[in-house]
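Let me begin by presenting the structure, written as structure tokens, before commenting on it.
All values derive from a computational prediction rather than experimental measurement. Chain identifiers are assigned alphabetically (A, B, ...) following the order of the sequence lines, protein sequences preceding nucleic acid strands; residue numbering begins at 1 within each chain.
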Amino acid sequence: MTFSKSYEPGEFESDIYAAWEASGIFDPKLTTRPVDSDGDGVDDRQGENDTFSIVMPPPNANGNLHIGHGLTVALEDSLTRYYRLRGLSSWYIPGADHAGFETWVVYERELEKKGHSRFEFDRDELYARVWDFVAEQRGNMELQLRALGASCSWEDLTFTLDENVIDRVYTTFEKMWNDGLIYRGEKLVNFCPKHQTAFADIEVEHEDESGTLWDIAYVYEGGEVIVSTTRPETLFGDVAVAVNPEDERYKKLVGKTVKLPLTDREIPIITDEHADPEYGTGAVKITPAHDFDDFEVGERHQLERIRVIAEDGTMINVPEAYFGLNTKECRKKVLKDLKDQGLLRGEKKITHSVAHCYKCGTVLEPTLKEQWFIDVERLAKAAIEHLENGEIKFHPENKRKVLINYLKGLKDWNISRQIPWGIAIPMFRKIDDTATDEPDWVFDRRTHLQVIEKAGVKYQRDEDTFDTWFSSAHWPIVCTNWTEENFNPYYPLNVMETGADILFAWVARMIMMGLYVTGEVPFKEVYLHGLVLDEHGKKMSKSKGNVINPMDLVTRFGSDAFRLGILRGRSAGMNQAFSENSVIAGRNLCNKLWNISRLIQSIIDTEEDIPSASDTLNMGEDWICRELNNCLEQVELAMSNYRFAEAIEVLYQTIWDKYADWFLESQKIYRNVPLLKQTLETILIALHPFAPFVTEAIWQNLSWTDGYIATADWPSRLEYDPISTEQFENIRIIVSEVRTTLQALPGTNNAKKYSLLYDNDSLINDNQLLIRSLTKVPTINSLNGAPRGLRLALANHELYLDVPENIVKEYKDNLTERILSVGRELDNLNLRMSNPNYLSKAPEHLVKETTEQIREKEALIARLKAELEII
RNA sequence: GGGUUGUUAGCUCAGCUGGCUAGAGCGUCUCGUUUACACCGAGAAGGUCGGGGGUUCGAGUCCCUCACAACCCACCA
């Protein structure tokens with residue numbers, strides 16, 4: 001096979017992925033021995049710790065991947081591939097999320113486009129329609145995951161509405177129901193009037209908005225109380241006026257009643273801490289059915305809850321004149337009427353934060369609703385215990401504390417959603433009023449039925465579906481097929497990788513659910529990535545038009561370049577800007593690697609393969625072995641600490657600056673075919689987790705490699721001679737000095753003009769060819785004891801560039817500058833040594849090091865000065 | 001109001017337990033087409049590490065404080 005002049009990712013990527021997939025290497029069930037090979041029901045590998053498992057946070061089945069998914073796949077797949085190379089049975093389980101509400105919004109928009117409305121269909125019909133819609137869309141997302149190189153086991157793809165998921169969710173729900181953790185309660189929930197569904201607290205977006213604070217007089221016999229409100233239209237739902245118990249101004253009034261404006265109703269004046277004497281007039285109206293704080297005040301004082309706004313946003317339970325108005329119209333009319341009656345006493349502009357639907361931006365209406373809730377106290381407590389034990393390691397570490405904090409203040413979890421697209425809540429309400437002994441609600445898995453009969457009593461299914469997070473909380477359990485009966489070597493997961501933004505919504509719930517269902521934490525480590533911001537560090541959003549499409553970058557630069565680019569310079573938990581330049585750097589590295597391989601293959605095609613294993617024959621070979629060993633060690637350390645960017649950085653430097661620029665250049669003089677093969681394999685395998693395609697493309701193109709690099713063995717350490725390695729370091733210093741000096745000399749093309757002179761130096765003498773090749777000087781000659789030209793500033797080597805005297809003179813300024821600079825460094829060192837505390841308190845090896853450095857600098861300055869004098 | 005994180009070269013970022021003469025990529029400048037690569041090679045310029053104080057023989061790194069930025073939570077009648 002031949003290597004073309006440059007690496008063109010588009011020519012290889014899809015074929016390579018298809019080959020991997022067909023070979024089954026991503027499915028650990030196919031590539032590893034069975035968990036129980038002797039059939040005794042016990043896992044043979046227990047305790048061997050030779051598995052690696054990770055699940056994909058399921059992308060929404062309804063659309064395309066965004067840049068965050070790109071980052072997720074780059075991180076997760078690098079880990080998976082790395083551990084696969086390290087020999088672990090590695091299982092990367094892909095998924096797709098029905099994404100209840102998200103998908104619902106997309107689908108409803110589709111419906112609207114076609115001139116339909118959700119209300120034309122019943123719930124089961126809608127469910128079927130969305131199912132088809134999602135099935136159609138899902139292929140896109142899966143293709144894109146392949147394009148990103150995700151080495152996941154497609155056989156095991158889990159969809160959040162798969163039967164086993166629903167089964168598991170129902171089992172958990174039943175257990176919770178029996179354990180008394182589930183209750184039906186009437187509570188205030190955040191309700192989106194447009195989408196007609198409730199949200200969990202965590203899904204609500206608060207935004208600061210300007211609003212108006214109105215002062216309204218509530219009259220009593222012989223006086224009035226002024227209350228302040230931003231929502232005058234809710235006054236019909238008022239059941240009290242609250243003042244602070246410490247507020248002297250109102251002490252006399254407590255216990256009196258006032259007349260609710262625009263009505264004939266009398267409401268009491270009560271005391272409650274909630275009333276802040278500093279705010280407004282210090283008196284506040286209490287509307288338990290439409291305000292979260294008031295709801296709590298109402299609970300404390302057993303106040304009635306009067307609903308005055310229906311779910312469709314119109315007024316109910318209000319005087320005739322206001323009935324049926326929407327809230328906006330009603331507010332207008334209330335204000336006008338209050339003004340007419342002289343009860344409106346003032347208004348001022350304020351800024352306050354308002355809850356919005358995170359999808360459509362509609363202002364959420366706090367609404368009284370009967371919903372299913374989970375009593376989270378027990379679950380949260382268990383989670384906190386295990387977190388405090390340090391059973392789960394977090395990256396970044398501080399998120400553990402943040403999570404514990406969150407769990408400590410966690411409120412009961414509303415799991416009912418009023419959208420058809422989701423897992424039906426398996427609860428049925430009694431519709432037979434005569435059966436008074438039977439419970440009002442029963443659990444039953446037959447949610448495909450609208451009505452069921454139990455012991456002659458009829459029950460109707462609750463129409464609501466589960467909050468997506470309730471089922472997602474089971475993700476590690478369902479993806480690994482965990483069961484009560486069998487030991488599962490893939491559970492708990494080795495690591496849960498996901499976005500820091502869903503630490504609370506998802507990670508917290510997986511931990512609670514994992515502990516509740518399996519008794520174990522669901523994963524041993526958590527890696528949280530931050531947001532990928534745009535090139536200027538701003539959040540990406542469609543409205544800003546700064547969204548970067550990962551597929552676009554894959555097309556332009558290749559999948560590997562994208563992966564390398566997005567991982568570069570990124571650390572756990574940080575929101576960081578995306579930099580196309582990093583992708584370009586990644587692309588360049590791929591091309592470099594390609595050409596490295598091209599050179600080596602061409603050498604091998606022409607050179608005889610000396611079959612003496614891979615012994616090192618000259619210094620450059622020893623040196624690269626040491627460098628590769630260092631590289632492997634650093635990559636291994638970085639990976640075990642989830643420092644992806646560092647691993648990539650090390651590989652980049654090693655491959656480019658060391659392997660290509662020094663080792664391969666030296667191999668143009670001395671050729672060691674077995675070592676070339678072995679070292680090339682080493683760098684290819686080490687880079688493979690991050691750049692799977694190019695490394696595989698090369699592997700398949702090389703004449704001597706077998707199988708897939710994706711399942712190769714992680715390279716072992718290479719042997720080298722340390723003395724020879726140090727000599728090569730010497731050569732590198734010499735070569736660099738020659739290059740720098742040549743470029744600093746006046747004129748161009750100096751390398752070709754001046755030859756190198758040495759005196760009595762075996763290192764130079766023995767390596768003339770190599771030095772000539774690296775510096776490009778035409779010849780290297782012995783001085784024979786008669787120095788001339790320009791002496792190079794090198795310790796332990798007497799080397800001259802054969803430069804005419806007039807040129808040397810021009811170089812003088814340069815030399816003076818150099819002496820000054822070294823002098824400054826020397827001053828610093830001397831300063832350090834003149835400090836008696838440094839000598840007594842600093843570690844001995846440092847003092848010794850400093851002493852040596854001083855000696856070297858002094859020698860260098862002496863030499864440079866001597867040189868200057870000669871000139 | 002509470003919390004978390006960040007502020008290092010023109011840009012995007014490394015710098016983990018204090019030893020740094022502060023690094024990388026991209027960009028800039030100079031030179032270079034020698035049969036792996038111009039998606040290249042060689043070299044260079046560019047930083048009082050946000051400000052101030054402290055601990056230490058020694059601080060980009062630890063502590064305090066201020067400023068700015070981002071995010072999260074709570075409150076907002």
- Query: For A:R231, which contact category applies under a 4.0 Å heavy-atom criterion: base, sugar-phosphate, or nothing?
  - Reply: nothing

- Under 4.0 Å between any heavy atoms, over every strand shown, what does A:T748 touch: base, sugar-phosphate, or nothing? Just pick one. sugar-phosphate

- Between the base of B:rC37 and the side chain of A:K592, is there a donor-acceptor distance below 3.5 Å? yes

- Task: Pick base, sugar-phosphate or nothing for A:S602, based on heavy-atom distances below 4.0 Å to the nucleic acid.
- Result: nothing

- Task: Would you indicate what A:E825 reaches in the nucleic acid, counting non-hydrogen atoms under 4.0 angstrom: base, sugar-phosphate, or nothing?
- Result: base

- Short side-chain N/O contact from A:R587 to OP1 or OP2 of B:rC39, under 4.0 Å: no

- Query: Just how far, in rounded Å, is P of B:rC37 from CH2 of A:W594?
  - Reply: 14 Å

- Task: Describe the nucleic acid contact of A:P396 in one word from base, sugar-phosphate, nothing, applying a heavy-atom distance below 4.0 Å.
- Result: nothing

- Message: Students often get this wrong, so: under 4.0 angstrom with heavy atoms, is A:A645 touching a base, only sugar-phosphate, or nothing?
- Response: nothing

- Message: Less than 4.0 angstrom between a side-chain N/O of A:S571 and OP1 or OP2 of B:rA14, yes or no?
- Response: yes

- Message: Can you tell me if A:N588 touches the phosphate of B:rC26, counting only side-chain N or O atoms and a distance under 4.0 Å to OP1 or OP2?
- Response: yes

- Choose from B:rC57, B:rC39, B:rG43 the nucleotide whose nearest atom is closest to any side-chain atom of A:S6. B:rC39

- OP1, OP2 of B:rG6 versus side-chain N and O of A:Q576: anything below 4.0 Å? no

- So what does A:N405 hit on the nucleic acid, given a heavy-atom distance under 4.0 Å: a base, only sugar-phosphate, or nothing? nothing

- Task: With ring pair (Phe, Tyr, Trp, His ring centres under 6.0 Å) as the test, would you mind laying out the steps for A:Y7 and A:F12 before giving the verdict?
- Result: CA-CA 9 Å; A:Y7 174 61; A:F12 299 93; 5.7 Å; yes

- Item | Separation of atom CZ in A:F663 from atom C1' in B:rA36, rounded to whole Å | 14 Å

- Message: Under 4.0 Å, counting only non-hydrogen atoms across every strand here, what does A:R832 touch: a base, just sugar-phosphate, or nothing?
- Response: sugar-phosphate

- Item | Short side-chain N/O contact from A:W656 to OP1 or OP2 of B:rG25, under 4.0 Å | no

- Item | Sequence neighbours excluded - ring pair (Phe, Tyr, Trp, His ring centres under 6.0 Å) pairs with any residue from residues 824-859 of chain A | none

- Task: Pick the C1' atom in B:rG23 and in B:rC63, then give their distance to the nearest Å.
- Result: 27 Å

- Taking the nucleotide of RNA chain B with the closest heavy atom to each, which residue, A:A585 or A:C590, is nearer the 5' end? A:A585

- Same-atom distance (P) from B:rA14 to B:rG54, integer angstrom: 30 Å

- Counting only side-chain N and O atoms of A:K399, is one of them less than 4.0 Å from OP1 or OP2 of B:rG3? no

- Message: Quiz question: by atom type and distance under 3.5 Å, do the side chains of A:K348 and A:T212 form a donor-acceptor pair?
- Response: no

- Query: CZ of A:F295 versus P of B:rC75: gap in Å, rounded?
  - Reply: 15 Å

- Task: Ignoring backbone atoms, establish whether A:R739 has a side-chain N or O less than 4.0 Å from OP1 or OP2 of B:rG41.
- Result: no

- Message: Closest approach to the side chain of A:S579, judged atom by atom: which nucleotide of B:rC37, B:rC16, B:rU12 is it?
- Response: B:rU12

- Message: Expressed as a whole number of angstroms, how long is the span from A:N749:CG to B:rG43:P?
- Response: 16 Å

- Are any side-chain N or O atoms of A:R739 and backbone N or O atoms of A:L774, one a donor and one an acceptor, separated by less than 3.5 Å? yes

- Dot-bracket for RNA chain B, 5' to 3', Watson-Crick and G-U pairs with both distances under 3.5 Å, [ ] for crossing pairs, | for partner on another strand, reads (((((((..((((.....[...)))).(((((.......))))).....(((((..]....))))))))))))....

- Could you check which of B:rC57, B:rC37, B:rU30 has an atom nearest any side-chain atom of A:N595? B:rC37

- Query: For atom P, what is the distance between B:rA36 and B:rG41, given to the nearest Å?
  - Reply: 13 Å

- Taking A:D215 for the side chain and A:G346 for the main chain, is one N or O donor matched with an acceptor at less than 3.5 Å? no

- Pick base, sugar-phosphate or nothing for A:L742, based on heavy-atom distances below 4.0 Å to the nucleic acid. nothing

- Task: Using only heavy-atom distances, determine whether the side chains of A:S541 and A:K539 contain a donor-acceptor pair under 3.5 Å.
- Result: no

- Message: My understanding is that only one of A:R568, A:R587, A:R570 makes a side chain to side chain contact (heavy atoms under 4.5 Å, CB included) with A:S582; could you say which?
- Response: A:R568

- When you get a sec, tell me which of B:rU21, B:rA42, B:rC57 is the closest nucleotide to the side chain of A:D661? B:rA42

- From the list B:rG25, B:rG43, B:rG19, which nucleotide is the closest neighbour of the side chain of A:L846? B:rG19

- Task: Take atom C1' in B:rA44 and the same atom in B:rA59, then report the distance between them in whole Å.
- Result: 30 Å

- Task: Could you measure between the two C1' atoms, the one in B:rG50 and the one in B:rA42, and give it in whole Å?
- Result: 37 Å

- For B:rA22 and B:rA38, measure between their P atoms and round to the nearest Å. 35 Å

- Assign A:E580 to base, sugar-phosphate, or nothing according to its heavy-atom contacts below 4.0 angstrom with the strands shown. nothing

- Item | Closest to side chain of A:M574, choosing from B:rC31, B:rU21, B:rG6 | B:rG6

- Is a donor on one side and an acceptor on the other found under 3.5 Å between the side chain of A:R331 and the backbone of A:E233? no

- Query: How are the rings of A:Y652 and A:W656 set relative to one another: parallel (under 30°), tilted (30 to 60°) or perpendicular (over 60°)?
  - Reply: parallel

- Message: In whole Å, measure the gap between the P atoms of B:rG15 and B:rU5 for me.
- Response: 15 Å

- Query: Under 3.5 Å, is there a donor-acceptor pair between the side chain of A:E13 and the main chain of A:S559?
  - Reply: yes

- Who passes side chain to side chain donor-acceptor pair (under 3.5 Å) against A:R643, sequence neighbours left out? A:E646

- Message: In whole Å, measure the gap between the C1' atoms of B:rC40 and B:rU35 for me.
- Response: 14 Å

- Message: Determine whether a donor-acceptor pair (one donor, one acceptor, N or O, separation below 3.5 Å) exists between the side chain of A:K668 and the base of B:rA36.
- Response: yes

- Within the structure shown, what part of the strands sits under 4.0 Å from A:E397 by heavy-atom distance: base, sugar-phosphate, or nothing? nothing

- For the side chain of A:E646 and the base of B:rA14, is some donor closer than 3.5 Å to an acceptor across the two? no

